[in-house]
Amino acid sequence: MSQVLASDASGDEPPVFDLVGIGFGPSNLAMAVALTEHNAKAGIAGAVTAHFLERQHRFGWHRGMLIEDATMQVSFLKDLVSLRNPASEFSFLSYLHSKGRLVDFVNHKSLFPLRVEFHDYFEWAAEKVDDLVSYGHEVVAVRPVVRDGAVVYLDVVAKAGACSDPAVVYRARNVVVAPGLEPCLPAGIRSSAKIWHSHELLYRAEMLRRRAPSRFVVVGAGQSAAEIVAYLHEQFPRAQVCAVFSRYGYSPADDSPFANRVFDPAAVDDYFTAPEAVKQRLMDYHRNTNYSVVDLDLIEELYRRAYQERVLGVERLRMMNLARVTKVVETADRVQATVTSLITGETTVLDADAVVYATGYRAQDPTDLLIDADRYCRRDEQGRLRVARDYRVVAAPEMRCGVYLQGGTEHSHGITSSLLSNTAVRAGEILRSVVAHRDDAPVERAGLAATGTGHA
Ligand code: FDA
Ligand code: NAP
């Protein structure tokens with residue numbers, strides 16, 4: 001890995017990157033790939049210098065939910081590159097070829113690889129652009145560098161190593177903020193060894209293996225909840241698994257072809273230009289392509305298991321629909337969940353080894369990171385960041401730098417904001433915008449070149 005120039009927070013002038021990426025999940029990985037392909041063609045003068053900062057110590061995509069038999073919910077053709085550059089050497093097909101599995105995959109006749117396989121693909125791609133990333137670097141702030149009243153750079157401040165270590169600063173003309181999703185727990189609930197959010201599943205479940213657990217409670221009726229119910233039921237054959245949710249039954253994800261067009265690149269244009277009321281209507285119509293829904297195959301598998309148990313007279317899989325968990329109390333080595341019926345108000349106390357909250361995620365608020373830079377960013381009447389079609393945050397005129405968002409743009413760009421479907425195309429659009437803004441300011445660029453950029 002080549003050495004990256006940064007400075008500690010002691011005051012030395014750091015070198016300037018055209019782009020610093022915050023977070024290195026699939027979104028900024030796709031960004032790194034897009035600019036690697038761009039730089040291969042652009043020559044030194046046209047190259048975009050960039051560096052990415054990732055708080056995890058190695059690449060990882062929802063590792064706590066890498067259940068071995070779980071499959072992707074998006075076609076493999078919506079990989080990091082193919083919809084932008086079908087001939088890319090970073091495609092899932094190139095990955096398969098390099099692993100000697102291309103023909104086997106074709107014979108499998110599926111568009112939906114295993115999640116573990118797609119994770120391996122991401123890792124393979126991340127490895128190829130390893131020189132552009134610093135892992136173990138948590139971004140804690142983005143500070144504007146103001147000269148003559150204008151914000152000429154953004155200093156991205158990251159903590160690496162021990163808390164006592166000085167922060168490291170990466171200076172950028174543009175930042176691409178892609179911190180992903182953060183887990184949602186109901187108000188008043190904190191995760192612990194016995195109360196988990198779904199994203200922790202595999203780590204937490206592993207710790208219970210030695211204890212022969214007798215009961216789990218799983219809250220929620222989305223894809224995560226259903227996968228977890230199936231997983232715990234299978235992995236802990238002596239445990240009862242109680243699925244608690246307020247719906248009547250799991251609702252199937254609408255992945256029918258016409259509805260699926262809501263994930264198309266063109267749908268972003270439609271959504272972006274639609275009046276606010278139409279945006280809301282679109283979201284309401286098509287929420288069931290993604291939120292609080294489950295793949296039909298999995299619903300049928302869970303029903304098959306539940307019915308089989310009824311026949312056999314051993315009901316380990318217990319569906320507690322039209323219900324909510326209204327109280328959770330931890331004891332020394334157990335947890336007691338009170339389940340309240342939404343119809344009768346009747347309560348049932350379940351004594352369990354763990355309660356798993358598969359209660360979803362929310363986009364991380366970029367404001368938490370932007371801090372000082374945030375005051376230059378414009379907001380709409382609902383307090384949401386105003387974001388242009390090229391994903392650049394609309395900013396005050398004195399802001400000369402670009403703040404781009406990958407994620408957190410559902411209000412402006414639609415449902416693909418937090419998903420993989422549009423990642424390849426979006427990365428290309430952001431890169432084009434970065435290059436276009438740079439080419440519009442050649443004098444500044446020449447000035448920056450003198451300060452030195454890039455990698456040592
Ligand atoms: P992602 O969350 O993947 O990455 C963000 C990265 O930023 C993380 O690595 C994080 O550590 C890092 N980070 C955050 N804050 C930081 C900071 N301050 N400093 C440095 N680094 C920081 N979608 C889809 O289209 N098809 C699918 O099949 C699935 N499957 C799926 C399964 C599960 C279990 C979940 C929870 C979600 C999905 N999704 C999905 C949706 C999911 O959001 C999507 O697959 C990607 O993770 C989005 O990629 P991002 O890079 O935007 O976020
Ligand atoms: P989700 O779809 O948002 O579902 C959350 C569930 O929790 C819903 O059933 C919701 O109730 C319930 N809930 C929310 N708050 C609650 C509360 N306070 N009390 C009780 N219940 C509450 O979340 P998810 O299942 O984690 O899915 C998130 C994203 O990850 C989706 O994009 C999904 O496709 C993706 N994902 C993909 C895979 C895969 O690729 N295999 C696996 C897992 C997740 P309601 O039913 O009332 O809305």
Side-chain angles (χ1 to χ4, degrees), residues 19 21 25-35 37-38 48 73-88 91 111 174-178 180-181 253-291 363 366 377-395 402-440:
L19 185 162
S27 296
N28 266 345
L29 171 54
M31 192 75 231
V33 168
L35 66 88
E37 293 185 339
H38 167 88
V48 174
Q73 294 200 295
V74 72
S75 158
F76 73 84
L77 292 167
K78 293 184 174 177
D79 60 14
L80 295 166
V81 285
S82 293
L83 291 192
R84 176 180 58 75
N85 174 15
S88 171
S91 67
L111 289 173
N174 301 278
V175 294
V176 181
V177 187
L181 301 168
D254 180 356
D255 64 348
S256 57
F258 288 109
N260 214 50
R261 293 169 80 181
V262 75
F263 301 114
D264 287 358
V268 178
D269 290 319
D270 291 333
Y271 192 88
F272 187 80
T273 46
E276 195 56 39
V278 177
K279 281 190 168 81
Q280 189 54 54
R281 188 180 282 211
L282 272 171
M283 267 302 173
D284 294 345
Y285 281 146
H286 295 295
R287 258 188 83 73
N288 69 342
T289 54
N290 185 51
Y291 292 111
C377 300
R378 299 281 195 235
R379 290 179 179 274
D380 67 13
E381 50 295 335
Q382 295 182 50
R384 305 170 302 189
L385 283 173
R386 286 185 54 208
V387 192
R389 175 63 185 83
D390 58 2
Y391 301 95
R392 187 175 168 116
V393 173
V394 178
V403 174
Y404 292 87
L405 300 185
Q406 297 219 67
T409 58
E410 204 168 79
H411 62 289
S412 50
H413 292 66
I415 200 161
T416 52
S417 168
S418 68
L419 301 176
L420 299 175
S421 334
N422 202 31
T423 305
V425 172
R426 180 175 63 197
E429 289 171 342
I430 293 176
L431 181 58
R432 261 206 309 283
S433 172
V434 167
V435 172
H437 278 86
R438 185 185 69 180
D439 293 348
D440 284 349

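Small disclaimer: the values here were computed from a predicted structure and weren't measured.
- Scored by the salt bridge (charged side-chain N to carboxylate O under 4.0 Å, His left out) test, R392 finds no partners at all (sequence neighbours excluded).
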Name every donor-acceptor pair, under 3.5 Å, that has one atom in a side chain of residues 420-430 and the other anywhere in the protein, sequence neighbours excluded.
residue, atom, partner, partner atom, Å
T423, OG1, L419, O, 3.4
T423, OG1, L420, O, 2.9
R426, NE, Q406, OE1, 2.8
R426, NH1, S417, O, 3.0
R426, NH2, S27, OG, 2.9
R426, NH2, Q406, OE1, 3.4
E429, OE1, R389, NH1, 3.2
E429, OE2, R389, NH2, 3.2

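- For the pair L80 and P26, the tightest heavy-atom approach, listed with the atom from each and the gap, is CD2-O, 3.5 Å.
- The aromatic rings of F272 and H413 are tilted relative to each other, their planes meeting at an angle between 30° and 60°.
- We find the CG-CD distance between D284 and Q280 to be 4.5 Å, quoted to the nearest 0.5 Å.
- The shortest heavy-atom contact between V33 and R84 is CG1-NH2, 4.1 Å.
- Interatomic distance, D255 CG to F263 CZ, rounded to the nearest 0.5 Å: 9.0 Å.
- No donor-acceptor pair under 3.5 Å is formed between the side chain of S82 and the backbone N or O of D79.
- Side-chain atoms of H38 never come within 3.5 Å of backbone atoms of A34 as a donor-acceptor pair (strictly under, hydrogens ignored).
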Show your working on side-chain contact (heavy atoms from CB on, under 4.5 Å) between V387 and H411 and close with a plain yes or no. CA-CA 9 Å; V387 192; H411 62 289; 4.3 Å; yes

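- Distance OG/S412 to CZ/R386: 11.0 Å, rounded to 0.5 Å.
- For the atom pair Y271 OH and H286 NE2, the distance stands at 11.5 Å (nearest 0.5 Å).
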T416 vs K78, test: side-chain contact (heavy atoms from CB on, under 4.5 Å). Steps then yes/no. CA-CA 12 Å; T416 52; K78 293 184 174 177; over 6 Å; no

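- By the neighbour-count criterion of 12 heavy atoms within 6.0 Å, atom CZ of R281 is sparsely surrounded, having that number or fewer from other residues, nucleotides or ligands.
- Contact of the L19 side chain with the Y404 side chain is not registered, since no non-hydrogen atoms from C-beta on lie closer than 4.5 Å.
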Check against side-chain contact (heavy atoms from CB on, under 4.5 Å), V393 and L405: CA-CA 7 Å; V393 173; L405 300 185; 3.7 Å; yes

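- Here the CZ atom belonging to R379 is positioned 4.0 Å from the CG atom belonging to L385, to the nearest 0.5 angstrom.
- Applying the 6.0 Å contact sphere to CZ of R384 captures more than 12 heavy atoms from other residues, nucleotides or ligands.
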Run the side-chain contact (heavy atoms from CB on, under 4.5 Å) check on E276 and Q382 step by step: do they pass? CA-CA 11 Å; E276 195 56 39; Q382 295 182 50; 4.2 Å; yes

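- A donor-acceptor contact shorter than 3.5 Å links the side chain of N28 to the backbone of V176.
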